[in-house]
Amino acid sequence: MKKLALWILILIGMALGVLWGLISVHFGWEKFTVMWVKPWGTMFLNLLKLIAVPLIFVSLVKGISSLKDISRLSRIGLKTIGLYVATTVFAITVGLILVNSIKPGNVFPEEKQQEYKERFGADILERELEARKVKEQSPLQFIVDIIPENIVNAASNNANMLQIIFFAILFAVAMIMLPESKTETVAGFFDGLNDIILKIIDIIMKTAPYGVFALMAGLIVDFSGDKDIFTALGLYMFTVILALLLLIIVFYPLLNIIFTKINVKKFYKGMLPTQLVAFSTSSSAATLPVTMKQCTEEFGVSKGVANFVLPVGVTINMDGTSAYIAIAAVFIAQVFGISLGLGDQLVIVLMVLMASIGAPGIPGGSIVMLIIVLNTLGLPEAGLALILGVDRPLDMLRTAVNVTGDSTVSAMVAKSEGELDIEGIIEK
Ligand code: ASP
């Protein structure tokens, strides 16, 4: 028999978990489920958290230090990074606007939210205390907090992720500044380490169907079989899909019409094969060869530009992922009745920007990043159980958005350099 794809197994795990949860509530087996099933979910979450610090450190160092070549071509390099950051921030903003207006997590009546807040409250209480403290601090305190005084301390708590990111950036920038002969060994070491970490994620994801089963069963028991949760989940998926479609159907074609003069028809004709491969593999890294081919052959992006804008984009530019993480984090906050102020939303923009740079272009690559964002914002991780089960279809779509963003930026950079040959007249 053909082996079922992982995402189907995860979906099955989720459905069985829901079923088990409902049965437990019905027959009064809640205690058994909490004692014997739920811990497996916690183990799965712990595995994901375990890999968070190494992943973000290694992938940032690798991603940024690979910019070495680009910094040689500094004008193009700066343009590329600038456009990547701008499109990512735009995508996060779209996500935040939609999730704050649709409010998919607010379907629960207020007393229910209050109850969840109390039940999952440890984190939240701490956070509120912190928020109160913040009001009495210097406005510069948040920058002070980003600079760790001790790297081992910083690495000891996932909520300190900005400190790790700070150190990773410092480390990578120093690497870029040194002559290559000095950093060769370290760069090779990080290459190998990166492969090992990706393999570990692969192993962890193999346990996901069981993890999701346990998480879902635990969650249904915690929510006492609350039906509203499914409405919330449906609305959440709708919000993510809407944000991703807006980016694909409106934002990128518009950027192309304005900046590259590639018309909508040509844009879709060229993009579709890339988007389909991204959609079916859920991996922008695996899609890279197709992205390169389509950009150079269909849009006329010069090989020179495509060769560095696109590989860099795979690691650092993930517009679909960014919109998704922002929506997921706010959704989880809404479900647990935690209101996020403007300051929190700004932190989300910053965190998600960093997280999308750190997220690897592999299936489910952003899940670890989402945990980090939740930790940093002090939001309950239990919420992750809610969205993991429905993650794969959203992952497919956001990967398609990610590669569309990379391709658009490569065309924009090529155009601005006079290296976009739409009609195929100039010899490439
Ligand atoms: N699968 C995505 C990609 O490869 C990353 C993610 O959002 O999980 O681009």
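Since the model is a prediction, treat every value here as computed from it, not as a measurement. For ligands, and for the atoms within them, numbers begin at 1 and follow the listed sequence.
The residues K199 and D195 are annotated as not salt-bridged, no charged nitrogen and carboxylate oxygen being separated by less than 4.0 angstrom. Between K269 and E298 a salt bridge is recorded (basic side-chain N to carboxylate O distance below 4.0 Å).
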Pairs under 3.5 Å, nitrogen or oxygen of ligand 1 with protein nitrogen or oxygen:
residue: ligand 1; atom: 1 (N); partner: S282; partner atom: O; Å: 2.8
residue: ligand 1; atom: 1 (N); partner: I362; partner atom: O; Å: 3.0
residue: ligand 1; atom: 1 (N); partner: D395; partner atom: OD1; Å: 2.7
residue: ligand 1; atom: 1 (N); partner: T399; partner atom: OG1; Å: 3.1
residue: ligand 1; atom: 4 (O); partner: S284; partner atom: N; Å: 2.8
residue: ligand 1; atom: 4 (O); partner: S284; partner atom: OG; Å: 3.1
residue: ligand 1; atom: 4 (O); partner: G361; partner atom: O; Å: 3.2
residue: ligand 1; atom: 4 (O); partner: I362; partner atom: N; Å: 3.4
residue: ligand 1; atom: 7 (O); partner: T321; partner atom: OG1; Å: 2.6
residue: ligand 1; atom: 7 (O); partner: S366; partner atom: OG; Å: 2.9
residue: ligand 1; atom: 7 (O); partner: R398; partner atom: NE; Å: 2.6
residue: ligand 1; atom: 8 (O); partner: G365; partner atom: N; Å: 2.9
residue: ligand 1; atom: 8 (O); partner: S366; partner atom: N; Å: 2.9
residue: ligand 1; atom: 8 (O); partner: S366; partner atom: OG; Å: 2.9
residue: ligand 1; atom: 8 (O); partner: R398; partner atom: NH2; Å: 3.1
residue: ligand 1; atom: 9 (O); partner: S284; partner atom: OG; Å: 2.7
residue: ligand 1; atom: 9 (O); partner: N402; partner atom: ND2; Å: 2.8

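Within the 3.5 Å criterion, the main-chain N or O of G320 finds a donor-acceptor partner in the side chain of N402.
Under the rule for a side chain to side chain donor-acceptor pair (under 3.5 Å), the partners of D191 that lie at least two apart in sequence or sit in another chain are K62.
Sorted by first then second residue, the salt bridge (charged side-chain N to carboxylate O under 4.0 Å, His left out) pairs that include residues 279-296, not counting sequence neighbours, are K293-E297.
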Solution key, residues 84-94 side-chain donor-acceptor pairs under 3.5 Å, sequence neighbours excluded:
residue: Y84; atom: OH; partner: V309; partner atom: O; Å: 2.6
residue: T87; atom: OG1; partner: L83; partner atom: O; Å: 2.9
residue: T87; atom: OG1; partner: Y84; partner atom: O; Å: 3.1
residue: T88; atom: OG1; partner: Y84; partner atom: O; Å: 2.7
residue: T88; atom: OG1; partner: N317; partner atom: OD1; Å: 3.2
residue: T88; atom: OG1; partner: D319; partner atom: OD1; Å: 3.3
residue: T93; atom: OG1; partner: V89; partner atom: O; Å: 2.6

